[in-house]
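All residue numbers in this chain count up from 1 along the given sequence.
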Amino acid sequence: TKITAHNLSARLPRTRNGDELDQLTEVFNSMLGRLEDSFTRIREFTLHASHELKTPLTVLCGEAETKMRDETLIPADREYHASQLEELRRIARIVDGLTLLAKADAGMVPLALTPVRLDELVRDGFADAQILAEPQGIRVELSACEERTVVRGDPHRLRQLLLNLVDNAIKYNQPQGWVIMALRRAAENAEFIITNSGPGIPPEVLPRVFDRFFRGDTAHSNTVDGCGLGLSIAQWIVSAHQGSIQITSDPSKQTVVTVRLPLCAPAVATT
């Protein structure tokens with residue numbers, strides 16, 4: 001039996017003949033029960049805490065936005081309130097991300113699975129990337145985008161996946177760097193690859209990049225706006241679509257993210 005954090009309700013079968021192996025199985029199943037209860041409590045706490053934080057954060061953001069509209073503010077005060085508003089919005093994004101992941105862990109996030117033209121979503125993502133990259137002078141290229149690449153998925157979540165990956169590729173980049181996007185069909189999968197000229201990820205931290213709140217780029221962690229949940233959310237979206245996501249990196253040269261999603265027939269595809 002393969003038991004992970006996502007199926008702690010599973011139990012090993014017992015022979016109930018009272019021998020040592022049966023007793024060991026009983027102890028192991030009891031331990032699984034305690035672990036399942038602990039994981040459930042953690043998920044419930046995260047959900048309740050994030051729910052309680054949403055309202056005060058909304059109120060604080062509203063108050064800060066109201067102050068920003070005050071035309072009598074001197075520049076120093078306006079800058080102060082703008083900084084406060086930016087930080088409040090960042091906290092709100094963290095709360096939203098935690099809520100989503102906690103619900104996903106509990107199987108509470110339904111997916112509206114339909115045939116989706118992934119090539120159309122990638123072209124939309126390419127347009128978004130160009131807008132996001134312009135202020136930093138980063139060049140964005142769509143090197144390949146195979147027409148009628150159709151997967152079965154939730155359009156909203158797939159858009160979120162692409163935006164998270166595009167956002168990361170631009171944030172963690174070199175000045176005047178580049179981002180290259182590509183979508184191809186490979187065997188039975190749609191293969192989306194996004195490569196950037198960022199500082200890269202050291203080999204020793206690469207296995208942890210999908211951990212929640214993990215930010216391995218110490219040189220940029222204090223200057224890049226982020227909350228450390230983007231890749232965790234991306235991994236959940238890919239897994240929920242029966243796909244895979246892989247990251248390879250050559251420090252100081254490039255980082256490559258590869259997403260593979262199962263293809264489906266192109267009939268009645270929507271975005």
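Looking at Thr25 and Arg14, their side chains never bring a donor and an acceptor atom within 3.5 Å of each other. No side-chain N or O of Arg34 forms a donor-acceptor pair with one of Ser38 less than 3.5 Å apart.
By the 4.0 Å N-to-carboxylate-O rule, Arg159 lies too far from Glu120 to be salt-bridged with it. In this structure, Asp211 pairs ionically with Arg208, as a charged nitrogen and a carboxylate oxygen lie closer than 4.0 Å. Of the charged side-chain nitrogens involved, at least one lies within less than 4.0 Å of a carboxylate oxygen, so that Glu146 and Arg185 count as a salt-bridged pair. Between Arg260 and Glu188 no salt bridge is recorded (no basic side-chain N to carboxylate O distance below 4.0 Å). Salt-bridge formation is not detected for the pair Arg123/Asp119: no Lys NZ or Arg NE/NH1/NH2 atom is positioned less than 4.0 Å from an Asp or Glu carboxylate oxygen.
Interatomic distance, Leu60 CG to Ile91 CD1, rounded to the nearest 0.5 Å: 9.0 Å. Between Leu85 atom CG and Tyr80 atom OH the span is 12.0 Å, to the nearest 0.5 Å. Separating the NE2 atom in His81 from the CD atom in Glu86 is a distance of 15.0 Å, to the nearest 0.5 Å.
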| Ile180/Gln254 under side-chain contact (heavy atoms from CB on, under 4.5 Å): CA gap, chis, key distance, verdict | CA-CA 11 Å; Ile180 300 176; Gln254 67 177 28; over 6 Å; no
| query | Hey, mind stepping through Glu36 and Arg41 against salt bridge (charged side-chain N to carboxylate O under 4.0 Å, His left out) and telling me if it holds? | reply | CA-CA 9 Å; Glu36 181 184 13; Arg41 289 175 182 272; over 6 Å; no
| Is there a side-chain contact (heavy atoms from CB on, under 4.5 Å) between Asp154 and His241 once you walk through the steps? | CA-CA 8 Å; Asp154 184 310; His241 286 79; 4.0 Å; yes
| task | Would you sort out whether Lys67 and Gln84 count as a side-chain contact (heavy atoms from CB on, under 4.5 Å), showing the intermediate values? | result | CA-CA 11 Å; Lys67 290 176 181 176; Gln84 293 297 305; over 6 Å; no
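Among Lys54, Arg90, Lys103, Arg89, the one residue that satisfies the salt bridge (charged side-chain N to carboxylate O under 4.0 Å, His left out) test with Asp96 is Lys54.
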